[in-house]
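Comments concern the structure below.
Just so you know, these numbers use all the heavy atoms, side chains as well, and skip hydrogens, waters and symmetry mates. Along the sequence shown, residues carry numbers from 1.
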Amino acid sequence: MVAISTFFRLLLLISFVQALVPQDTIFDVELVHRDSPKSPLFNSSMTPFDRLQAAVVRSVNRASYLDNRIDMKTSINIELGLRYDDGEFLMRFRMGTPNSQSMWGIVDTGSDLNWVNCVGCQCFKKKTTTLFNPNASLSYKKLSCFSDECRSFRLGHCNDDQICQYHATYGDGSNIDGIFSSETFSFTSLGTNQNTFIPNMVFGCNFRSLHIQIDDPGSFIGLGPGSPSLIHQLAPKYISKYFSYCLDMLRGGDASRLFLGRGKQTVTGKTTVTPLMTQDGFYAVQLNTISIPDEFDILLTRRSKLGAGNIIFDSGTVMTMLNTQVVDQLVRALTDYISLPTVKTGEYKLCFNVSSTEQEEQLPGLWFSFAGTLGNFRVSPDNLFRWYSDQVKCMVILGTSGTQIFGNIMQQDVLVGHDLDKMELTIIDKRCIDLYNP
């Protein structure tokens, strides 16, 4: 009976793997901002001011987390005795066969591990958390501690059943335990509404996740450059070693998209290309100067904690973090350049009183000059200044004594591409909404 049952399970499983992804595919996945009404993390009681203040706190916390990761020279976030709060953009995906289960995952370009909280997990319960049920899937597998995947996973160790297990303790006393596993993942294309199935995706299935403060939807999708991130597992077997995203926050995030793989259609627009470097699971570039042509030119030092480059491009940090001395120079230069009254707020280095459309038009953009022959990128005024209150706009650049980070507000409404074959970062001026109608 056992043999017959196993045979029919395998037969049923095979019947559900017939629509696997062909090579040279591009996944077009919707990204949802955490503050969008579509998001499981959406809090309807928060005002725009509350959301901006919360974003500042998250940015400072994440910057501290990234600094500590660099100091400890690790790319595995759960290996640390610390963590950062929350995430910024989420994607929907499905797991399991024959009846796939819908999950929300926080997308993180600074993480290499995909993980979900599984049914039976001793988790810090929140209404936003979705649990995956591995017992309801025929394609779920626990990885042996002798598997290549486990041996390459720094946290992996053998349990009594010779299964690959991991454990980490956080600085606040919470901890996480799980089984290193594989499963069939599926993604729905935003453009065609078609489902694409990927078998044997490696992920962490948490059976204990006792976070005390963090608010998450129950899973993380790592887009870092190393194993076993999503891009590392998909490329080069299914897609080119390339991904890009367009982040939309001005229209409620409805046009935000993630592209896994390189499409055949060329996206036109003003293009910035700069050498891309990776370290400890980060994507870094070299920023040389910040300027307004014919007005001022601020030179950035090449000294950095990073082994290569001096600033991280990060989708998970809202505010841009620059060296405090650079920010002080920038504040002085912009204060002299902009003929508007400044306002002290405490959290921000530079805010202006803006009481009319004519005054708002006085706020400039900034040129960021990166290494490379096509390395000049203009950050628009809308991406440089945000409303703090009804008549106050503040610069979204904060000072830091640690690692510099190019945050996601200043990446808004441009297509940011990561080419891991050519090792180039590409920025194309293209509104996210226009990617639907190129």
Side-chain angles (χ1 to χ4, degrees), residues 17-29 31 75-76 91 93-95 97 105 107-115 139 141 143 147-154 156 180-192 194-204 220-246 257-267 271 273-285 308-309 313-315 372 415-428 435:
V17 188
Q18 55 186 348
L20 297 182
V21 58
Q23 289 188 339
D24 301 324
T25 297
I26 179 170
F27 298 97
D28 170 13
V29 183
L31 292 179
S75 62
I76 303 176
M91 63 178 278
F93 62 100
R94 304 187 73 88
M95 300 174 64
T97 53
V107 175
D108 187 1
T109 53
S111 177
D112 287 335
L113 180 65
N114 310 309
W115 59 259
S139 48
K141 290 185 294 186
L143 293 176
S147 64
D148 292 338
E149 295 88 350
C150 187
R151 287 174 174 173
S152 63
F153 185 44
R154 290 168 59 183
F180 211 35
S181 310
S182 70
E183 179 57 282
T184 295
F185 280 51
S186 61
F187 305 97
T188 301
S189 171
L190 194 60
T192 64
Q194 291 183 333
N195 293 322
T196 306
F197 297 86
I198 307 290
N200 303 317
M201 291 289 293
V202 173
F203 73 103
F220 265 69
I221 295 294
L223 281 178
S227 175
S229 75
L230 182 63
I231 189 68
H232 190 273
Q233 291 192 62
L234 291 177
K237 186 175 182 181
Y238 300 109
I239 63 174
S240 57
K241 210 170 182 181
Y242 178 91
F243 73 92
S244 59
Y245 54 75
C246 197
R257 302 171 86 175
L258 169 68
F259 301 92
L260 298 166
R262 189 192 301 276
K264 294 180 180 179
Q265 188 171 9
T266 301
V267 179
T271 302
V273 182
T274 186
L276 180 65
M277 294 153 274
T278 61
Q279 177 188 330
D280 299 330
F282 300 120
Y283 296 104
V285 297
F313 253 73
D314 184 44
S315 66
L415 186 65
V416 181
H418 298 67
D419 191 325
L420 301 183
D421 284 323
K422 295 182 180 178
M423 292 307 295
E424 292 178 340
L425 182 85
T426 304
I427 308 170
I428 301 176
L435 290 170

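In this structure, the side chain of Asp112 engages the main chain of Gly226 through a donor-acceptor pair within 3.5 Å. Of the possible donor and acceptor atoms, none in the side chain of Thr184 sits under 3.5 Å from a partner among the backbone N and O of Thr97. For Ser244 (side chain) and Leu415 (main-chain N/O), no donor-acceptor pair under 3.5 Å exists by modelled atom type. Under the 3.5 Å distance criterion, the side-chain polar atoms of Asp419 are left unmatched by any main-chain donor or acceptor of Glu424. Using a distance-only test at 3.5 Å, with no hydrogens or angles considered, a donor-acceptor pair links the side chain of Ser152 to the main chain of Asp148.
With a 4.5 Å cut-off on side-chain heavy atoms, Thr188 and Val29 do not count as touching. For the pair Thr271/Thr426, a side-chain contact is recorded, criterion being any heavy-atom separation below 4.5 Å from C-beta on. The side-chain heavy atoms of Asp314 and Asp108, taken from C-beta on, include a pair separated by under 4.5 Å. Side-chain contact between Leu223 and Leu260: present, with at least one pair of heavy atoms (C-beta onward) separated by less than 4.5 Å. The side-chain heavy atoms of Leu258 and Met91, taken from C-beta on, include a pair separated by under 4.5 Å.
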Can you check side chain to side chain contact (heavy atoms under 4.5 Å, CB included) on Ser182 and Phe203, steps first, answer last?
-> CA-CA 6 Å; Ser182 70; Phe203 73 103; 5.6 Å; no

Given the rule in the side chain to side chain donor-acceptor pair (under 3.5 Å) test, do Asn195 and Ser186 qualify, once you have shown the distances and angles that lead to the verdict?
-> CA-CA 6 Å; Asn195 293 322; Ser186 61; 5.5 Å; no

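Applying ring pair (Phe, Tyr, Trp, His ring centres under 6.0 Å) to Phe27 and the options Phe187, Phe197, Phe259, Phe243 leaves one that passes, Phe187. Of the candidates Lys141, Glu183, Glu149, Val202 forms a side chain to side chain contact (heavy atoms under 4.5 Å, CB included) with just one, namely Glu149.
In this structure, Ser240 and Ala235 approach most closely via the heavy-atom pair O-CB, 3.8 Å. Summarising the geometry of Ser229 relative to Ser111, their closest heavy-atom pair is CB-O, 4.3 Å, with the distance given to 0.1 Å. The minimum heavy-atom distance between Pro228 and Asn114, with the atom names listed, is O-ND2, 3.3 Å. Between Ala284 and Ala308 the shortest heavy-atom distance is CB-O, 3.7 Å.
Note that the OG atom of Ser139 and the CE atom of Met95 stand 8.5 Å from one another [nearest 0.5 Å]. Here the straight-line distance linking atom CG of Leu420 with atom NE2 of His232 works out to 9.5 Å at 0.5 Å rounding. Atoms CD and OH, from Gln233 and Tyr238 in turn, are 9.5 Å apart once rounded to the nearest 0.5 Å. With rounding to the nearest 0.5 Å, the separation of CG in Asp421 from CG in Leu276 is 11.5 Å. Summarising the geometry, atom OG1 belonging to Thr196 is positioned 15.0 Å from atom CZ belonging to Phe93; distances are rounded to the nearest 0.5 Å. For the atom pair Tyr245 OH and Thr109 OG1, the distance stands at 5.0 Å (nearest 0.5 Å).
Ring pair Phe220/Trp115: centre-to-centre distance below 6.0 Å. Checked against the 6.0 Å centroid threshold, Tyr283 and Phe313 do not count as a close aromatic pair.
A salt bridge links Asp28 with Arg257: the distance from a Lys NZ or Arg NE/NH1/NH2 to an Asp or Glu carboxylate oxygen falls below 4.0 Å.
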